[in-house]
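For clarity, every value in this text was computed on a predicted model and none was experimentally measured. Order of the sequence lines fixes the chain letters, A, B, ..., with proteins taken first and strands second; residue numbering starts at 1 for each chain.
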Number of protein chains: 2
Amino acid sequence: MPTRFTNRKDQIVQIAAELFSKKGYSATSMRDIAEHMKMEAASLYNHISSKEDILHTICFTTADRFINAIDEVNDIYFNGEEKLRMAVKNHIQILTDNMAEAQVFLREWRHLNEENIQAFIQLRDRYEKGIQSILQTGIDENVFQEVDKKFATLNILSSVNWIVEWYRPDGNMSPEEIADKISDFLLTGLHKKQPF
Amino acid sequence: MPTRFTNRKDQIVQIAAELFSKKGYSATSMRDIAEHMKMEAASLYNHISSKEDILHTICFTTADRFINAIDEVNDIYFNGEEKLRMAVKNHIQILTDNMAEAQVFLREWRHLNEENIQAFIQLRDRYEKGIQSILQTGIDENVFQEVDKKFATLNILSSVNWIVEWYRPDGNMSPEEIADKISDFLLTGLHKKQPF
DNA sequence: CCTACCGATCGGTAGG
DNA sequence: CCTACCGATCGGTAGG
């Protein structure tokens, strides 16, 4: 019964993501996860092969979401500012739609084993390249300053990723509002346009 | 012999900070730390009272550094832009001078016990207030836009804190260069000043 | 999906 | 600072 099987794994991954994000990967035990699944720890192994298998699934599923989103932006939208706003919006949507997984993706990937870390970093690099190419578009259009793209990309990603530290679904800002505000901030900075 | 005692605790804290930053707090064992100290795990307890005592020391020592730095900036410097640049520079200097502790401060504070977490968050909030008051200075001078200060502060902190994810002491950017570049980016954003 | 269990390791203490 | 040790818990397997 593969369907039931898959569902069950998804449930485990979801519950594990919540525990990993709350307590950290290492401090979460298989018995913790099992308890929330209302089963014995040993039974988990009918659905997953190891604790790291769960972490791997979380990290790479989330990475795929990001990569699909950036590819879509670079395929569809046209000018740099539009692309950037769309990329920021998609990024934040992924974060806020999957808070627990996103936090694990951002904080716990270091606990993957060595070869999975390599693959993970490659996906992350590919995503960063996607952002960089957006910046290049804006520069080519003479709309963005000639910034150091690598540096600016890290700045952009840090701003959007930090959201998981304070975003609350029941807070007074929607993901879209946050995205607009962040994009505004990234585009114009603190300075007044004509200060004097 | 209190001096020798203090020194020994500092050594333990330093080595623990490196291990905590590399492997995470929970995945680092007292035996790991002891091994790097070339002593037995039991002997560590002559210098520290518990594993969490070490984490506590790291987190609160680092918090003190940040708070002293921001208070100094708000005492000495005058205008908003100058203050912001100085605050960013100091912040980055603290991060890069104490990479391991800073990473633990940023990533591992969640493993403090509940009441220490409360105290920790209070210190962090005080620091954020310090940044906000810098922004207010710039706004009052009519040099900064009327931004949402809380939101802008989180943006600024995310940018500077993300540095610990990629900064390497042997890289090709000095902490001062990074500080200048980040300040420029925060102040002016991606847009060209007169785009058309 | 469970019972029963494994060897390994954990943070920490007693006592010197 | 060490030896010797504690009870608890870890990820995971065997076998049904």
Next on the checklist: Nearest to the A:Tyr45 side chain among C:dA14, D:dT13, C:dC1, which nucleotide is it?
Outcome noted: D:dT13
Item to check | Phosphate OP1/OP2 of C:dT9 contacted by B:Ser29 side-chain N/O (<4.0 Å) | outcome: no
Next on the checklist: Within a 6.0 Å radius of atom NZ on B:Lys89, are there more than 12 heavy atoms belonging to other residues, nucleotides or ligands?
Outcome noted: no
Checklist entry - How many Å lie between CG on A:Asn7 and P on C:dC1, as a whole number? => result 12 Å
Checklist entry - Nearest to the side chain of B:Met30, which nucleotide is it out of D:dA14, C:dG11, D:dC2? => result C:dG11
Item to check | Listed nucleotide nearest any side-chain atom of A:Arg31, set C:dC5, D:dA4, C:dC1 | outcome: C:dC5
Checklist entry - Across all strands, who's sitting opposite D:dG16 as a Watson-Crick or G-U wobble pair, both distances under 3.5 Å? => result C:dC1
Checklist outcome for this item: Considering only heavy side-chain atoms of A:Asn46, the closest of D:dT13, C:dC1, D:dT3 is C:dC1
Checklist entry - Taking a pair as Watson-Crick or G-U wobble with both distances under 3.5 Å, which nucleotide is matched to C:dG11? => result D:dC6
Checklist entry - Looking at the rings of A:Phe105 and A:Phe20, which for Trp means the six-membered one, are their centres under 6.0 Å apart? => result no
Next on the checklist: Base, sugar-phosphate or nothing for B:Thr28? Non-hydrogen atoms, less than 4.0 Å.
Outcome noted: sugar-phosphate
Next on the checklist: Regarding A:Asp32 and A:Lys23, does a basic nitrogen lie under 4.0 Å from an acidic carboxylate oxygen?
Outcome noted: yes
Checklist entry - What about the rings of B:Phe151 and A:Phe185, do their centers lie closer together than 6.0 Å? => result no
Checklist entry - Which nucleotide in the set C:dT3, C:dA14, C:dC1 lies at the smallest distance from any side-chain heavy atom of A:Ala42? => result C:dT3
Checklist outcome for this item: Taking for A:Ser50 and for B:Lys38 the nucleotide of DNA chain D with the nearest heavy atom, the one nearer the 5' end belongs to B:Lys38
Checklist entry - Out of C:dT3, D:dG12, D:dC2, which has the shortest distance to the side chain of B:Glu40? => result D:dC2
